Amino acid sequence: MGGYVLSTDQQRKEMLSAIGLKSEDQLYASVPDSLKIEKLNLPSGKPEMEVRRILEETAGQNQVFSSVFRGAGAYRHYIPSIVKGVSRKEEFVTAYTPYQAEISQGILQSIFEYQTMICGLMGMDVSNASVYDGATAAAEGISMCRDAKRKKALVASNINPMVMETLKTYSAGMGIELLTVPAEKGTVDIRILKTYLDENTACFYVQQPNFYGLLEDCQKIGEAVHDAGAKFIMGINPIAASVLKSPGECGADVAVGEGQPLGLPLAFGGPYLGIMTCRQSMVRKLPGRIVGETRDSEGRKAYVLTLQAREQHIRREKASSNICSNQAHCALTASVFMASMGPEGMKEMGVSCYSKARYGAEQISQIPGFSLRYKGDFFHEFVTECPGNPERVLDRLKAEDILGGYPVEGGLLWCFTEMNTKAEIDRLVQCLKEVA
Amino acid sequence: MQLIFEKSTAGRKCELLPELDVPKAEIPDSWKRTGKLPLPEVGEAQISRHYTELAGNTYGVNNGFYPLGSCTMKYNPQIDEEAASLPGFTDIHPLQPEDTIQGCLKVYIEAGKYLCEITGMDEMTFQPAAGAHGELTGLMMIKAYHQSRGDDERTKVIIPDSAHGTNPAAAAMLGYSVVTVPTDGEGCVDIGRLKEAVGSDTAALMLTNPSTVGMFEKRILEITEIIHEAGGLNYYDGANLNAVMGITRPGDMGFDVIHLNLHKTFGTPHGGGGPGAGAVGCKTLLADFLPAYLAKEEDSGVGSFERKPKSIGTVKGFYGNFLVVLKAYTYLLSLGGDGISEASQNAVLNANYLKTLIQEVYPAAYKGLCMHEFVISLAGLKKQKGITAMDIAKRMIDYGMHPPTMYFPLIVEEALMLEPTETESKETLELAAKSLLEIYEEAIKEPEQLHRAPETQNIGRPDEAMAARKPVLKFQWDEPGKAGAAL
């Protein structure tokens with residue numbers, strides 16, 4: 001019997017008989033015969049040993065690079081053993097959304113703790129229990145800011161292109177006018193931004209650091225946006241947030257981010273974690289699950305899903321979003337990551353990224369043809385020029401088991417994290433010298 | 001249970017990162033964050049015990065019977081978890097060159113083939129991260145389809161009153177107005193009222209089949225035909241696909257686009273609220289609108305990414321919740337065509353068996369055989385003894401079970417929706433039935449006791465009104481690293 005079914009043939013017969021049926025076909029009496037299919041045209045089920053062999057073979061068709069110098073929205077960081085250990089606990093893995101608070105205090109408390117840690121990291125008042133990823137968090141953020149009068153959303157041209165594309169998809173679907181503010185010198189030019197801001201502008205979205213790794217002057221940007229009466233949405237890399245001015249300090253009304261760097265593997269793009277926070281005044285527009293503290297009938301502390309009047313299962317077409325399932329288990333993983341790193345470890349990781357990127361940039365930019373494209377300060381990514389076709393350089397690195405920078409506009413976007421040792425960086429530099 | 005913040009002691013830490021092996025660079029003051037990060041300072045042993053305690057107060061499928069209707073809480077096979085921890089999958093950067101990601105592309109391509117065959121669809125995307133995200137994606141494709149034909153007058157989406165809240169919420173997000181059609185006495189769409197609702201302004205019908213009351217829409221071909229004749233498209237909410245795999249296919253019923261909840265039907269765990277995966281399949285007529293970055297197999301057998309000419313664009317970063325799709329693919333390989341059909345048949349058998357065992361005291365809201373789930377109404381018990389659906393559900397916790405879905409669908413008074421799934425044994429169903437019958441006895445004899453349930457957990461029923469009136473949504477530190485009061 002396939003499908004992890006436990007009942008034996010004999011038991012199934014007894015069950016059918018108790019229902020008053022003679023055969024299993026009769027269970028489907030309500031399905032018109034014309035709609036029934038003979039059988040699925042699929043391979044037969046396979047025993048576990050064979051399945052494992054197929055999967056190992058399939059995994060073997062991917063190349064795991066020993067050195068990775070590529071980010072562009074997905075970042076390789078150290079994942080402590082405790083993070084993996086906790087996230088494997090099967091109660092967390094196999095539970096559903098904690099609708100039944102009395103039997104779900106553990107998972108509810110873990111979400112409450114996640115909300116607290118994320119608010120601390122982002123310097124914001126309120127966090128939800130997560131959304132799908134950083135891109136959809138940005139899209140939901142824009143949706144939160146619009147109202148009857150302000151329907152236009154502005155976005156910096158230098159954000160991650162996949163986030164940009166997701167924003168375009170959502171905006172087209174939702175009838176939001178999305179305008180791109182150019183950032184020709186790499187970062188947002190506040191004078192140009194001001195020419196875009198008007199009384200119909202709902203919000204401006206910027207990323208810290210931006211796609212090119214450069215740091216934006218978010219405080220000044222926030223002031224300009226607020227001067228026009230619009231909302232300021234800031235996307236931030238959570239590792240960068242541990243050492244850079246937080247969205248809260250920069251005056252963000254909504255702060256979002258891709259939470260993958262917080263203990264989640266690269267995993268070919270998912271599942272990741274959509275971090276979504278806002279100011280207290282906007283909490284009733286925040287989409288998704290939120291856990292709150294309360295008391296039970298005997299006064300004991302308890303956690304529940306709360307402010308559900310925002311949500312689809314109560315409000316249906318008047319809900320703030322249709323989101324239901326989110327990335328709860330990824331949020332749990334991120335919490336364990338932040339708890340194990342602690343305040344010092346988080347900063348240490350941020351400083352390590354910043355320092356390694358500086359070391360890498362100094363070395364690489366000295367190689368002829370690999371000069372830095374932009375002048376501004378950067379966090380852990382930067383763009384260099386590339387002599388000739390970037391693919392030629394990348395192929396050479398690939399042969400050395402190195403995943404090189406991501407090709408952007410004829411140049412290369414490099415990423416350095418605490419995972420890249422000095423020896424590894426020196427070897428990269430050596431390879432680049434040879435190919436230059 | 002103490003919060004992890006209350007266990008924090010200044011100066012305590014885990015030793016994780018090596019010393020910096022390059023010169024330390026100082027972040028300029030203009031960018032630099034000052035002050036201590038408000039995170040707990042705890043050691044590894046503390047973290048381990050903390051989360052072990054939290055896990056002990058969390059109920060998953062592996063803890064016991066979980067008949068949460070509409071959520072298909074079937075057993076999550078261990079091999080799926082192991083597959084998703086292979087470094088050849090976990091350590092792959094999403095932006096690697098195509099020749100280094102052939103294994104990942106193969107997972108998307110092969111899983112797509114299985115699901116197209118199961119659903120009768122022509123193409124499948126795995127980009128949506130959850131069922132509701134799939135609904136949004138499918139509706140965006142429908143919107144783009146009508147627009148591409150210059151058909152701009154279609155402003156309405158028809159949805160039955162028994163539908164999940166995500167359906168109307170998704171339609172509203174895209175600016176559609178929602179037209180609700182009622183359910184008839186047999187738990188099916190009221191076709192007369194559907195005919196009145198449909199028109200040249202109909203963009204789509206969103207339908208779950210079997211419906212959320214667990215009944216198969218017998219006249220489904222007539223329903224989808226009514227919509228098609230009016231120029232609308234049919235959207236299939238796959239929440240209940242677990243009833244009919246290998247029996248009948250949405251593609252043959254007249255649906256144009258569907259979403260599947262891989263975390264329900266295809267055995268991937270729900271993780272306490274996600275990540276899920278919401279595959280969206282469609283017929284050829286909508287294929288050009290699928291989200292960008294679709295995995296496809298070249299004639300040579302090599303995998304690559306494709307962007308359809310009229311693609312709606314991406315609906316999230318990268319290509320989907322890959323590891324979740326990988327788990328579902330592992331499940332599909334394990335079950336195969338025969339196992340998949342058997343899973344559905346046993347899901348329906350189990351639901352009907354449980355329904356039969358308890359029907360004398362817990363009347364089903366709709367007559368006749370159910371599909372993979374059924375809804376009971378406690379309206380009678382409420383009238384007679386003042387016992388609500390919530391009372392029964394909460395008492396089930398004391399009997400070691402997870403409660404069913406409560407007060408849904410909205411059209412059934414005092415509703416409890418039970419979905420045992422195929423992975424429960426006859427013995428478990430009998431024990432659950434026995435417990436439910438005992439609870440009924442309690443309801444008749446000692447109704448007061450049921451209002452107090454549950455009594456076996458760390459907490460009793462929480463005050464949800466207070467939580468919403470005075471929201472406390474995070475812990476307040478006295479100062480970073482130093483635990484303050486919780487309120």
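Just so it is clear, the structure is predicted and the values come from calculations on it, not from any experiment. By convention in this document, chain letters (A, B, ...) are assigned in the order of the sequence lines, proteins followed by strands, and residues within each chain are numbered from 1. The figures that follow rest on heavy atoms only: side chains count, while hydrogens, waters and symmetry mates do not.
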Go through the steps to decide whether B/N62 and A/E90 satisfy the test side-chain hydrogen bond (donor to acceptor under 3.5 Å, both in side chains), and finish with yes or no.
-> CA-CA 7 Å; B/N62 285 8; A/E90 57 194 67; 3.1 Å; yes

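- Put simply, OH on A/Y4 and CG on B/N76 are 10.5 Å apart, with the number rounded to the nearest 0.5 Å.
- Scanning both residues, B/A132 and A/N322, for their nearest heavy atoms gives O-ND2, 2.8 Å.
- In this structure, the side chains of A/I19 and B/L349 come closer than 4.5 Å at one or more pairs of heavy atoms.
- Side-chain atoms of A/N41 and B/E117 form no donor-acceptor pair, as typed in the model, at a separation below 3.5 Å.
- Side-chain contact, B/H270 with A/S325: a donor N or O sits under 3.5 Å from an acceptor N or O.
- Aromatic ring centres of B/F89 and A/F268: separated by at least 6.0 Å.
- Using a 4.0 Å cut-off between charged nitrogen and carboxylate oxygen, B/K13 and A/E348 count as a salt-bridge pair.
- In the model, B/H93 has no side-chain atom that pairs as donor or acceptor with a side-chain atom of A/Q63 under 3.5 Å.
- Side-chain contact between B/N346 and A/R12 is present, with at least one heavy-atom pair separated by less than 4.5 Å.
- Looking at B/Y66, its side chain does come within 3.5 Å of a backbone N or O of A/Y96 through a donor-acceptor pair.
- At a 4.5 Å heavy-atom cutoff, the contact between B/M371 and chain A is made by side-chain atoms alone.
- For B/E424, the salt bridge (charged side-chain N to carboxylate O under 4.0 Å, His left out) test picks out no residue, with sequence neighbours left out.
- Looking at B/K316, the atoms closer than 4.5 Å to chain A (heavy atoms on both sides) sit in the backbone and in the side chain alike.
- Between atom CD of residue A/Q105 and atom CE of residue B/M1 there is a gap of 6.0 Å, rounded to the nearest 0.5 Å.
- No side-chain heavy atom of A/V126 sits less than 4.5 Å from a side-chain heavy atom of B/P471.
- With a 4.5 Å cut-off on non-hydrogen atoms, B/L323 touches chain A through its backbone and its side chain both.
- Note that OG of B/S341 is 6.5 Å distant from CD1 of A/I37, once rounded to the nearest 0.5 Å.
- Between A/Y28 and the choices B/L369, B/V348, B/T248, the side-chain contact (heavy atoms from CB on, under 4.5 Å) rule is met once, by B/V348.
- Contacts of B/C14 classified as side-chain contact (heavy atoms from CB on, under 4.5 Å), with partners at least two apart in sequence or in another chain: A/S340, B/L16, B/E44, B/I47.
- Between the CG atom of B/L17 and the CD atom of A/E344 there is a distance of 11.5 Å, given to the nearest 0.5 Å.
- Defined by atom type and a distance below 3.5 Å, a donor-acceptor pair is missing between the side-chain atoms of A/K398 and B/T100.
- A 4.5 Å side-chain heavy-atom check between B/L473 and A/V283 finds at least one atom pair inside the cut-off.
- At a 4.5 Å heavy-atom cutoff, the contact between B/H164 and chain A is made by backbone atoms alone.
- The CD atom of A/E91 lies 8.5 Å from the OG1 atom of B/T52; values are rounded to the nearest 0.5 Å.
- Annotation: the span from B/Y75 atom OH to A/L6 atom CG amounts to 10.0 Å, rounded to 0.5 Å.
- Residue B/L174 touches chain A through both its backbone and its side chain, counting heavy-atom pairs closer than 4.5 Å.
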Evaluate the side-chain hydrogen bond (donor to acceptor under 3.5 Å, both in side chains) criterion for residues B/S425 and A/S7: first the C-alpha distance (whole Å), next the side-chain angles of each, then the deciding distance (0.1 Å), finally the verdict.
-> CA-CA 5 Å; B/S425 68; A/S7 301; over 6 Å; no

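- Residue B/M173 touches chain A through both its backbone and its side chain, counting heavy-atom pairs closer than 4.5 Å.
- For A/Y359, the part sitting under 4.5 Å from any heavy atom of chain B is the side chain, from C-beta outward, and nothing else.
- Residue contact with chain A, scored on non-hydrogen atoms closer than 4.5 Å, is absent for B/T428.
- Within the 4.5 angstrom heavy-atom criterion, only side-chain atoms of B/I340, from C-beta onward, approach chain A.
- The parts of B/H402 that come within reach of chain A are both its backbone and its side chain, each placing non-hydrogen atoms under 4.5 angstrom from that chain.
- Neither the backbone nor the side chain of B/L139 has a heavy atom closer than 4.5 Å to any heavy atom of chain A.
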